[in-house]
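Data first, discussion second: the structure below is written as structure tokens.
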Amino acid sequence: MDEPKSQNSVGFQFGMFMRVFRKLVVKRFQEHDTGLTMEQFAILHRISEEDEPTQSEIAAAIGLDKSAVMRIIDILEDKRLVARLSDGEDRRKKALVITKKGGEKIEEAGQFFETIIEELSEGVNAEEMQSFLKTLNKLRHNAEKH
């Protein structure tokens with residue numbers, strides 16, 4: 001019996017990949033007792049790449065709504081992985097910084113994450129990966145226009 005057309009669509013295949021990928025990351029993070037969810041790791045990693053970003057900037061960068069990011073940052077702050085710094089000019093504005101413990105956690109979880117990426121990239125050469133990333137970036141850009 002032939003596969004349904006939907007199974008050969010970009011949307012279906014990407015959705016399936018993301019479900020399997022998320023499941024694998026969750027499994028590995030739990031096996032290694034990182035104490036982080038995939039979303040917490042993504043936000044923590046993004047904060048570490050920026051120079052004192054705000055919650056709004058993080059939300060925009062990773063595509064989550066501000067309230068979801070605020071809840072995750074609250075959790076990361078409770079775990080003492082990030083700290084909020086008050087802006088001298090605008091008390092409502094809070095910059096985010098990684099704590100020493102947060103930096104160690106990023107390093108630890110990042111190693112597991114990189115191992116997953118290496119395993120998933122097995123059999124994919126550098127040219128194929130560059131082409132895939134370029135195509136994925138175009139698809140994302142097109143989606144953002146709508």
Side-chain angles (χ1 to χ4, degrees), residues 6-7 9-146:
S6 64
Q7 290 187 6
S9 74
V10 170
F12 181 84
Q13 289 297 324
F14 186 73
M16 289 297 294
F17 170 77
M18 285 307 298
R19 280 187 283 285
V20 172
F21 179 71
R22 175 178 291 282
K23 187 176 179 180
L24 181 59
V25 171
V26 167
K27 178 183 173 199
R28 293 286 175 81
F29 277 19
Q30 287 175 347
E31 285 174 353
H32 297 285
D33 197 25
T34 64
L36 294 175
T37 66
M38 194 164 142
E39 291 79 9
Q40 290 169 358
F41 174 72
I43 289 174
L44 196 60
H45 188 268
R46 190 63 190 214
I47 293 169
S48 74
E49 291 182 324
E50 303 285 329
D51 183 31
E52 298 184 0
T54 64
Q55 290 175 188
S56 296
E57 291 167 342
I58 294 297
I62 64 171
L64 286 177
D65 65 80
K66 292 177 189 177
S67 61
V69 169
M70 186 176 75
R71 285 189 299 274
I72 294 169
I73 290 171
D74 287 344
I75 292 167
L76 294 173
E77 191 174 37
D78 288 345
K79 292 180 178 186
R80 303 201 188 306
L81 302 176
V82 299
R84 288 180 171 107
L85 302 177
S86 295
D87 186 300
E89 297 173 18
D90 184 350
R91 290 187 300 160
R92 296 169 298 167
K93 187 176 176 183
K94 304 285 186 195
L96 302 166
V97 294
I98 299 293
T99 64
K100 182 178 183 218
K101 183 177 177 184
E104 292 166 357
K105 186 62 75 172
I106 292 170
E107 185 72 30
E108 171 194 350
Q111 290 173 357
F112 301 127
F113 193 81
E114 285 301 315
T115 299
I116 293 168
I117 299 302
E118 288 172 13
E119 290 171 2
L120 296 178
S121 301
E122 188 176 321
V124 178
N125 67 39
E127 186 178 306
E128 290 171 319
M129 186 60 77
Q130 286 297 346
S131 178
F132 170 70
L133 292 172
K134 184 177 179 180
T135 302
L136 193 58
N137 190 44
K138 285 180 182 179
L139 291 170
R140 181 188 50 79
H141 178 73
N142 289 340
E144 288 173 344
K145 290 192 299 190
H146 299 284

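- Once rounded to the nearest 0.5 Å, the distance linking CZ of F112 with NE2 of H32 reads 4.5 Å.
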Please list every donor-acceptor pair under 3.5 Å in which a side-chain atom of residues 20-27 meets a protein atom from a residue at least two apart or in another chain.
| unit_1 | atom_1 | unit_2 | atom_2 | d |
| --- | --- | --- | --- | --- |
| R22 | NH1 | E39 | OE2 | 2.6 |
| R22 | NH2 | E39 | OE2 | 3.2 |

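- Interatomic distance, CE of M38 versus CZ of F113, reported as 6.0 Å (0.5 Å rounding).
- From T135, atom OG1 reaches atom NZ of K138 across 6.5 Å, with rounding to the nearest 0.5 Å.
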Solution key, residues 101-111 side-chain donor-acceptor pairs under 3.5 Å, sequence neighbours excluded:
| unit_1 | atom_1 | unit_2 | atom_2 | d |
| --- | --- | --- | --- | --- |
| K101 | NZ | K79 | O | 3.2 |
| K105 | NZ | T34 | O | 2.6 |

For E119 and E122, run side-chain contact (heavy atoms from CB on, under 4.5 Å): C-alpha distance rounded to whole Å, both residues' side-chain angles, the deciding distance at 0.1 Å, then the answer. CA-CA 5 Å; E119 290 171 2; E122 188 176 321; 5.5 Å; no
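- For R84, the salt bridge (Lys or Arg N to Asp or Glu O under 4.0 Å) criterion is met by D74, E77, not counting sequence neighbours.
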Distance-only donor-acceptor pairs under 3.5 Å for side chains of residues 124-131, two or more places apart:
| unit_1 | atom_1 | unit_2 | atom_2 | d |
| --- | --- | --- | --- | --- |
| N125 | OD1 | E127 | N | 3.0 |
| N125 | OD1 | E128 | N | 2.7 |
| E128 | OE1 | N125 | N | 2.9 |

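- Rounded to the nearest 0.5 Å, atoms CD1 (I43) and NE2 (H45) are 13.0 Å apart.
- Every residue two or more places apart in sequence or in another chain that forms a side-chain contact (heavy atoms from CB on, under 4.5 Å) with R19 is listed here: M16.
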Check step by step if side-chain contact (heavy atoms from CB on, under 4.5 Å) holds for L81 and L36. CA-CA 11 Å; L81 302 176; L36 294 175; 3.8 Å; yes
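- Of the options H146, H141, R140, a side chain to side chain donor-acceptor pair (under 3.5 Å) to E144 is made by R140 and by none of the others.
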Mind listing the side-chain donor-acceptor pairs of residues 56-67 below 3.5 Å, one per line with the distance, residues two or more places apart or on another chain?
| unit_1 | atom_1 | unit_2 | atom_2 | d |
| --- | --- | --- | --- | --- |
| E57 | OE1 | T54 | N | 2.8 |
| D65 | OD1 | S67 | N | 3.2 |
| D65 | OD1 | S67 | OG | 2.5 |
| D65 | OD1 | A68 | N | 2.9 |

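- The distance from atom CG of L44 to atom OG1 of T37, rounded to the nearest 0.5 Å, is 10.0 Å.
- Here the shortest heavy-atom pairing between I73 and L96 reads CD1-CD1, 3.3 Å.
- The distance from the CD1 atom of I72 to the CE atom of M70 is 11.0 Å, given to the nearest 0.5 Å.
- Listed here is the closest heavy atom pair of Q40 and G35: OE1-O, 3.6 Å.
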